[in-house]
Amino acid sequence: MIPREVAALLAYVVRLDPRLTLDDPAAAADRLTQWADLLSDVPATAPGWDAARVARDHIARSPYRIQPSDVSRPWHTHKADQLGRHVGTFEPTAHPHLDPDDVEGYRRALAAERHAIAIGQQAPTTHRAITAGPAAAEVERRLAQLGTYMPRTVAQALATYRPRRAQREELATTGRPDPLNVPCPHEQCRAPKGDPCRNRHRQARPKPHPSRLDAAQAAEDARQEQPA
């Protein structure tokens, strides 16, 4: 805070706690100088921080007269928390002027970003921030363009852990109808489209009911008979 901001903070705390009133102008000036010196590295406001609110909370909860350290200590705790929450990842779109090959510029930008968070000029970049907003939207757009392709070797390695998915992929590659594309007509099952068949205990069956296989084949035959 600059002296003008510290003077405004002092005026506020004196209004809340009249015990802090000083009638001697010289003593008031000395106190302002002391507070300005001790709070020179504490911002008046910052993301998630308000020095006046901290002072008010202290006066409301403590019977002791407020001291500059009652404002500076919470700020340094808050700053440490902000820096701890900052993931430190670098977002190139926030620095369009920076050459991707400029390693020193990259380091300076990271240091400047961390310093801005430390002095309260910038909010930290958290995991939530990375998974939301423009950056996340750009990731979703690129994934939509790429589709859900998976190399065959990877799919084969995962088949043991995804038996139902592997079975459906095999049916698709061999040209056979997928029974999960139709609801199960079995009286005690009636599994909806996309869900596996279930036994009388409502547990998923490893294989569909024969009547569902027939229904899937009939649906496929009807589809192929439709004119193109």
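For this chain, numbers begin at 1 and follow the sequence in order. Because only heavy atoms are used, hydrogens play no part in the values below, and waters and symmetry mates are left out as well, while side chains stay in. Predicted model, so just to flag it, every value in this text is computed and none were measured.
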Only pairs at least two apart or in different chains count here, so list each side chain to side chain donor-acceptor pair (under 3.5 Å) that has a residue in residues 196-212.
none
Scan residues 24-33 for pairs that pass side chain to side chain donor-acceptor pair (under 3.5 Å), counting only residues two or more places apart or in two chains.
none
Taking the side chain as C-beta and beyond, is there a heavy-atom pair between [X] and [Y] under 4.5 Å?
| X | Y | value |
| --- | --- | --- |
| Val42 | Trp49 | yes |
| Pro183 | Pro192 | no |
| Gln34 | Leu38 | yes |
| Met1 | Leu9 | yes |
| Ser72 | Leu39 | yes |

Exam field: side chain Glu5 to backbone Ile2, donor-acceptor pair closer than 3.5 Å:
yes
What donor-acceptor contacts under 3.5 angstrom involve side-chain atoms of residues 76-84, with partners at least two apart or in another chain?
from	atom 1	to	atom 2	distance (Å)
Thr77	OG1	Arg73	O	3.2
His78	NE2	Pro47	O	3.2
Gln82	OE1	Arg85	NH1	2.8

If every non-hydrogen atom of [X] is compared with every non-hydrogen atom of [Y], which pair is closest and at what distance?
| X | Y | value |
| --- | --- | --- |
| Pro43 | Ala51 | O-CB, 3.9 Å |
| Ala191 | Cys197 | CB-CA, 4.1 Å |
| Ala219 | Val182 | CB-CG1, 3.9 Å |
| Asp178 | Ala216 | O-CB, 3.8 Å |

Remaining members of [X]'s ILVMFWY cluster at a side-chain heavy-atom cut-off under 4.5 Å?
| X | answer |
| --- | --- |
| Leu213 | none |
| Tyr64 | none |
| Leu22 | none |

Quick one: pull up CZ in Arg223 and CD in Glu220 and give me the separation to the nearest 0.5 Å.
4.0 Å
Quick one: pull up SG in Cys184 and CG in Asp195 and give me the separation to the nearest 0.5 Å.
11.0 Å
Identify, with sequence neighbours excluded, every residue that meets side chain to side chain donor-acceptor pair (under 3.5 Å) alongside [X].
| X | result |
| --- | --- |
| Gln67 | none |
| Asn181 | Arg168 |
| Arg190 | Glu187 |
| Arg56 | none |

Show me the donor-acceptor pairs, under 3.5 Å and distance only, between side chains in residues 13-21 and residues at least two apart or in other chains.
from	atom 1	to	atom 2	distance (Å)
Asp17	OD1	Arg19	N	3.2
Asp17	OD1	Arg19	NE	3.0
Asp17	OD2	Arg19	NE	3.4
Asp17	OD2	Arg19	NH2	3.0
Arg19	NH1	Pro63	O	3.4
Arg19	NH2	Pro63	O	3.3
Thr21	OG1	Pro18	O	2.8

What pairs with Trp35 under ring pair (Phe, Tyr, Trp, His ring centres under 6.0 Å), at least two apart in sequence or on another chain?
none
With a sphere of 6.0 Å drawn around CD of Gln217, does it hold more than 12 non-hydrogen atoms of other residues, nucleotides or ligands?
yes
Would Ile66 and Val71 count as a side chain to side chain contact (heavy atoms under 4.5 Å, CB included) here? Give the steps.
CA-CA 8 Å; Ile66 189 170; Val71 178; 4.1 Å; yes
